Amino acid sequence: MNKPFHQGSYQERYTQMGDEAEGHFEKNNSSWVRYGLNRPDFLVHKLPHHIRYTPDYLQGDPVRLVEVMGMGRTPLKIKLEKLAALQWWDASGIDVWLWIWSSTRENFAELKYSDMMNIINKEDAPLGKFPEGKVFFNVSSKLLPWNDA
């Protein structure tokens, strides 16, 4: 894909969605197992959102569910429907964390779902729309807690 990732069609984005970020999560964390769907070979659009957006990993130490996302030069794009599904998971009794890899910074940020919602609710996180029509929040990298190691 020659254009920025977020400008690609869903089909273009689907072929590499999450690979780089998830690889970095796996290298930087321990005590995890794959938990959510990973590009299954069937259509997921008819699945309930809380199943479609099951967090990517279950971690044992610390105990948490982890949704891994990637970003580049543009702000992080988080779909509204994903946030609603992650709210369901966050209420399940295990905290949901967001683990974000920046290919531009070559670094990661991690924060609780509730902290991301505070950023979205208190800061300037404008809405955008993917080519297929899904609405997302644009979260500036400046608002995220980057790892200082």
Side-chain angles (χ1 to χ4, degrees), residues 1-29 32 34-40 43-59 62 64-92 94-149:
M1 200 168 26
N2 292 334
K3 54 191 159 194
F5 181 79
H6 74 279
Q7 290 178 354
S9 70
Y10 179 77
Q11 290 77 17
E12 291 171 320
R13 294 192 325 269
Y14 190 76
T15 64
Q16 54 186 314
M17 197 176 287
D19 290 347
E20 180 181 352
E22 289 171 358
H24 284 285
F25 171 81
E26 291 174 6
K27 283 188 233 172
N28 285 282
N29 288 275
W32 55 262
R34 195 67 211 175
Y35 196 65
L37 299 172
N38 189 14
R39 294 196 305 263
L43 298 175
V44 297
H45 70 280
K46 291 184 180 179
L47 294 174
H49 287 156
H50 68 278
I51 299 299
R52 186 186 321 174
Y53 295 114
T54 299
D56 298 309
Y57 296 91
L58 171 61
Q59 201 166 12
R64 62 185 183 170
L65 292 168
V66 183
E67 177 63 21
V68 176
M69 294 178 280
M71 65 183 300
R73 286 185 217 105
T74 61
L76 177 67
K77 288 150 182 45
I78 307 176
K79 293 179 197 169
L80 272 64
E81 63 187 32
K82 178 186 256 189
L83 287 170
L86 292 176
Q87 180 180 22
W88 185 89
W89 283 101
D90 196 55
S92 72
I94 300 177
D95 288 336
V96 171
W97 283 70
L98 305 176
W99 198 95
I100 302 145
W101 174 255
S102 168
S103 58
T104 305
R105 292 174 182 259
E106 294 190 3
N107 197 3
F108 67 89
E110 59 184 342
L111 65 161
K112 283 183 165 188
Y113 168 83
S114 58
D115 293 335
M116 177 60 81
M117 292 309 299
N118 285 335
I119 289 171
I120 288 170
N121 290 326
K122 292 180 182 176
E123 303 293 343
D124 182 21
L127 290 173
K129 197 179 273 191
F130 283 113
E132 72 275 7
K134 302 270 183 180
V135 178
F136 59 82
F137 281 107
N138 277 294
V139 179
S140 170
S141 66
K142 295 173 188 166
L143 302 174
L144 300 174
W146 297 102
N147 182 41
D148 15 330

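None of the values given here were measured: they were computed from a predicted structure.
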Just to verify, what does Q87 make a side-chain contact (heavy atoms from CB on, under 4.5 Å) with, not counting sequence neighbours?
Y113
The criterion is side chain to side chain donor-acceptor pair (under 3.5 Å); which residues satisfy it with W89, sequence neighbours excluded?
none
For E26, enumerate each residue passing the salt bridge (charged side-chain N to carboxylate O under 4.0 Å, His left out) test, keeping only those at least two apart in sequence or located in another chain.
none
Can you find a heavy atom in the side chain of V139 that is under 4.5 Å from one in the side chain of I100?
no
Any heavy-atom pair between the side chains of L83 and I120 that's under 4.5 Å?
yes
Between S103 and G72 the two heavy atoms that sit nearest each other are OG-CA, 3.7 Å
Those residues that, when tested against L127, pass side-chain contact (heavy atoms from CB on, under 4.5 Å) (two or more places apart):
L80, V135, F137
Report the residues that fulfil side-chain contact (heavy atoms from CB on, under 4.5 Å) with N29, sequence neighbours left out, ordered by chain and then residue number.
F25, W32, Q59, R64, W99
Output for pair (L47 CG, H45 NE2), nearest 0.5 Å, gives 9.0 Å
Considering non-hydrogen atoms only, spot the tightest contact between Y35 and L58 and give its length.
CB-N, 3.6 Å
Please determine whether side-chain contact (heavy atoms from CB on, under 4.5 Å) holds for the pair L86 and I78, giving the CA-CA distance in whole Å, both sets of side-chain angles, and the decisive distance to 0.1 Å.
CA-CA 11 Å; L86 292 176; I78 307 176; 5.8 Å; no
Can you sort out the partners of N138 under side chain to side chain donor-acceptor pair (under 3.5 Å), two or more places apart, ordered by chain and number?
K77
For the atom pair CG (N38) and OG1 (T54), what is the distance rounded to the nearest 0.5 Å?
12.0 Å
Looking at residues at least two apart in the chain, or sitting in another chain, which of them share a ring pair (Phe, Tyr, Trp, His ring centres under 6.0 Å) with W88?
H50
Shortest non-hydrogen separation from E106 to W101 and the atoms involved
C-CH2, 3.3 Å
Closest heavy-atom pair, S92 versus L65, reported as atoms and distance to 0.1 Å, is OG-CD1, 4.2 Å
Do W97 and P62 have side-chain heavy atoms sitting under 4.5 Å apart?
no
Which residues satisfy the salt bridge (charged side-chain N to carboxylate O under 4.0 Å, His left out) test with R105, sequence neighbours excluded?
none
Separation between CG (L144) and CD1 (I119), nearest 0.5 Å, reads 5.5 Å
A side-chain contact here means heavy atoms from C-beta on lying under 4.5 Å apart; do E67 and Y53 qualify?
no
Residues passing the side-chain contact (heavy atoms from CB on, under 4.5 Å) test with R73, sequence neighbours excluded, are T104
So, using salt bridge (charged side-chain N to carboxylate O under 4.0 Å, His left out) as the criterion, who are the partners of D56 when residues are at least two apart?
R34
Kindly say whether P75 contributes a backbone atom to a donor-acceptor pair with the side chain of S141 at under 3.5 angstrom?
no
Output the distance between atom NE2 (H24) and atom OG (S102), rounded to the nearest 0.5 Å.
10.0 Å
Under 3.5 Å donor-acceptor, D90 side chain and V96 backbone:
yes
Is there a side-chain contact between K82 and M69 (heavy atoms, below 4.5 Å)?
yes
For L111 versus M116, what's the shortest heavy-atom pair and its separation?
CD1-N, 3.5 Å
Please give me the minimum heavy-atom distance between R52 and E81, naming the atom from each residue.
NH1-OE2, 3.4 Å
Report yes if some heavy atom in the side chain of N28 is under 4.5 Å from a heavy atom in the side chain of E110; otherwise report no.
no
Got a sec, which residues hit salt bridge (charged side-chain N to carboxylate O under 4.0 Å, His left out) with D95, two or more places apart in sequence or on another chain?
K112
